[in-house]
Amino acid sequence: MSKNKVLNLKDKIDGNEMDLSLCNLTEVPVKELAAFPKITVLDLSCNNITSLPFCSLSHLVKVDLSKNLMTVLPDDLGRLGNLQHLDLYNNKLTILPVSFSQLKNLKWLDLKDNPLEINLAKAAGDCLDEKQCKQCAARVLQHMRILQDEVDKERERRFLKDKELEKKKETKQREREAKEKEARKRDKAEEKERKRKEYNAHMAALAIQEQKNKRKEKKKRNGQIAADKKAAAESAPKARRRSLIGLLFKLLLLGLAGFVGVCQLTGLKEEAVCVPINVAVDDGLSWVREQKVDVRVRELVEEVDIRARELLQKLSSLVPQLLEPLGVVPTATEPVETVEK
């Protein structure tokens with residue numbers, strides 16, 4: 001409302017009462033009324049008010065809202081804890097808010113000429129006089145308390161139902177989690193078992209492969225042994241033949257050397273058999289003396305000469321023993337000249 005109207009409100013005050021009836025109001029001036037906390041009696045009758053938003057004015061004791069156009073009361077009507085007298089005659093109300101049961105100090109109530117629902121209308125009665133209006137307040141409060149209890153029970157039932165649903169939901173959630181945990185545990189065990197089987201199979205394959213390798217190695221070793229034996233068996237006759245040939249060659253050389261020694265160191269050198277041999281030996285030594293050889297060849301010849309001298313000396317000691325059974329007596333001869341001489 002404007003400032004002028006606020007000043008007019010002061011003109012409507014008479015002690016602790018404010019009369020705003022027949023002011024053609026469509027709404028309650030809550031903010032302006034809040035400026036007058038000492039007002040306990042408020043008359044708003046014979047206006048066009050459709051709603052009641054002044055439930056914050058808890059200091060009010062008596063309120064007259066008769067002959068207005070209200071269809072509903074606010075849900076927080078129970079906040080008017082000091083309210084004792086309430087006139088709702090000739091409005092358009094059908095029900096009352098459940099919080100109406102909280103008006104514990106209410107002593108007088110008029111609900112005539114309202115299209116109330118049947119149970120509320122029975123509880124309200126006719127309210128034709130002071131006594132009936134007081135009875136109306138008591139019965140309506142009792143009726144609203146019953147509704148409040150029903151509402152509380154319904155709220156409690158819904159709460160319990162929601163709690164039960166939540167509990168079931170939690171139970172199902174726990175069961176689902178337990179099943180998932182069990183499934184994970186089972187999968188883990190199966191995976192572990194699978195890996196164990198793979199490991200055992202791998203180790204068994206390695207063992208089999210190792211046995212095969214051992215058998216192959218053994219077979220190869222046995223084959224090698226057999227081949228070595230076969231080769232040894234095949235090479236033994238050849239070795240014996242080579243040894244026999246070598247022995248015969250050595251004996252031949254020894255015989256030849258002995259024969260040359262006999263011809264050179266004994267009296268047989270004048271014999272017809274020894275003459276060609278002695279001539280060949282002398283020619284060979286002469287040819288060597290005439291050739292121009294390098295140091296290595298000369299050293300080789302000297303080494304051969306030394307070995308020949310040693311052999312001849314050995315043979316000279318053996319020749320008498322060999323010729324004695326034959327009745328031949330060797331004669332002293334001059335030693336063989338070296339290559340250098």
Side-chain angles (χ1 to χ4, degrees), residues 1-114 116 120 123-145 148:
M1 299 176 68
S2 66
K3 186 176 181 180
N4 292 331
K5 289 185 177 180
V6 172
L7 294 175
N8 290 336
L9 284 180
K10 292 182 179 180
D11 296 338
K12 302 292 183 178
I13 295 175
D14 183 9
N16 64 336
E17 298 181 8
M18 180 180 289
D19 187 3
L20 295 177
S21 62
L22 301 171
C23 292
N24 200 27
L25 298 175
T26 58
E27 60 181 13
V28 180
V30 178
K31 294 181 179 180
E32 289 77 6
L33 290 174
F36 305 98
K38 293 183 180 181
I39 299 298
T40 59
V41 178
L42 179 62
D43 187 358
L44 293 168
S45 62
C46 301
N47 284 290
N48 297 315
I49 299 173
T50 58
S51 61
L52 183 65
F54 65 84
C55 294
S56 60
L57 305 176
S58 60
H59 55 278
L60 296 176
V61 175
K62 181 178 179 180
V63 177
D64 188 354
L65 287 166
S66 61
K67 298 181 181 180
N68 277 281
L69 302 175
M70 291 189 299
T71 56
V72 293
L73 295 177
D75 291 335
D76 58 348
L77 184 66
R79 294 174 59 186
L80 301 177
N82 294 317
L83 189 62
Q84 298 179 13
H85 186 107
L86 179 59
D87 192 347
L88 296 171
Y89 167 73
N90 194 14
N91 277 274
K92 298 182 180 302
L93 298 172
T94 56
I95 58 173
L96 298 176
V98 178
S99 64
F100 194 94
S101 63
Q102 299 175 11
L103 301 176
K104 297 179 181 181
N105 293 317
L106 188 65
K107 306 298 182 183
W108 195 97
L109 176 63
D110 189 357
L111 288 171
K112 291 191 307 295
D113 293 340
N114 280 283
L116 301 174
L120 181 58
D126 294 332
C127 195
L128 300 176
D129 53 26
E130 186 75 12
K131 182 179 179 180
Q132 288 182 351
C133 288
K134 290 181 178 180
Q135 292 175 349
C136 175
R139 288 195 300 268
V140 169
L141 283 176
Q142 184 179 4
H143 174 74
M144 297 309 298
R145 288 190 186 103
Q148 181 68 52

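Computed from heavy atoms alone, side chains included, the values below leave out hydrogens, waters and symmetry copies.
- Rounded to the nearest 0.5 angstrom, L141 CG and Q102 CD are separated by 11.0 Å.
- A distance of 5.0 Å separates CG of L120 from NE2 of H143, quoted to the nearest 0.5 Å.
- C136 has its SG atom at least 2.5 Å from the SG atom of C127.
- Inter-residue side-chain proximity for C23 and K12 is flagged as met; some heavy-atom pair is nearer than 4.5 Å.
- In this structure the side chain of N90 never reaches within 4.5 angstrom of the side chain of S66, judged on heavy atoms.
- You'll find the side chain of L33 reaches within 4.5 Å of the side chain of L20, heavy atoms only.
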Assess whether side chain to side chain contact (heavy atoms under 4.5 Å, CB included) is satisfied between L116 and L111, documenting all intermediate values.
CA-CA 8 Å; L116 301 174; L111 288 171; 3.9 Å; yes
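- Between the N48 side chain and the T50 main chain, no donor and acceptor come within less than 3.5 Å of each other.
- With rounding to the nearest 0.5 angstrom, the CG atom of D11 is 12.5 Å from the CG atom of D19.
- In the model, D113 has a side-chain atom that pairs as donor or acceptor with a side-chain atom of Y89 under 3.5 Å.
- In this structure, the side chains of L73 and L96 come closer than 4.5 Å at one or more pairs of heavy atoms.
- The CG atom of D110 lies 14.0 Å from the NZ atom of K134; values are rounded to the nearest 0.5 Å.
- With hydrogens and angles disregarded, a donor-acceptor distance shorter than 3.5 Å links the side chain of N114 to the backbone of K112.
- Under the 4.5 Å side-chain criterion, counting only non-hydrogen atoms from C-beta, L86 is not in contact with W108.
- A pairwise comparison of heavy atoms in R139 and Q132 identifies NH2-O, 4.4 Å as the closest pair.
- Residues L77 and L103 form a side-chain contact, since some pair of their non-hydrogen atoms from C-beta on lies under 4.5 Å apart.
- Using a 4.5 Å heavy-atom cutoff, the side chains of I49 and M70 are in contact.
- Between P74 and P97, the shortest heavy-atom contact is O-CG, 3.3 Å.
- Atom-to-atom distance recorded for H85:NE2 and K107:NZ is 14.0 Å, nearest 0.5 angstrom.
- Across all their heavy atoms, N82 and S58 have their closest contact at ND2-O, 2.9 Å.
- No side-chain donor from either of N47 and N24 sits under 3.5 Å from a side-chain acceptor of the other.
- Residue D75 qualifies as open at atom CG: its count of foreign heavy atoms under 6.0 Å is 12 or below.
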Chi angles and distances behind the salt bridge (charged side-chain N to carboxylate O under 4.0 Å, His left out) call for K131, D129:
CA-CA 6 Å; K131 182 179 179 180; D129 53 26; over 6 Å; no
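- By the neighbour-count criterion of 12 heavy atoms within 6.0 Å, atom CD of E17 is densely surrounded, having more than that number from other residues, nucleotides or ligands.
- Here the shortest heavy-atom pairing between P29 and L25 reads CD-CD1, 4.4 Å.
- In this structure, L83 and V63 have side chains that are in contact, with non-hydrogen atoms separated by less than 4.5 Å.
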Would D43 and M18 count as a side chain to side chain contact (heavy atoms under 4.5 Å, CB included) here? Give the steps.
CA-CA 6 Å; D43 187 358; M18 180 180 289; over 6 Å; no
Please walk me through it: do T40 and L60 pass side chain to side chain contact (heavy atoms under 4.5 Å, CB included)?
CA-CA 4 Å; T40 59; L60 296 176; 5.7 Å; no
If you apply the rule side chain to side chain contact (heavy atoms under 4.5 Å, CB included), what do you find for F100 with L109, and how did you get there?
CA-CA 12 Å; F100 194 94; L109 176 63; 3.8 Å; yes
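- Residues K67 and N91 come closest through the heavy atom pair N-ND2, 4.0 Å.
- With rounding to the nearest 0.5 angstrom, the CG atom of D87 is 11.0 Å from the CG atom of L44.
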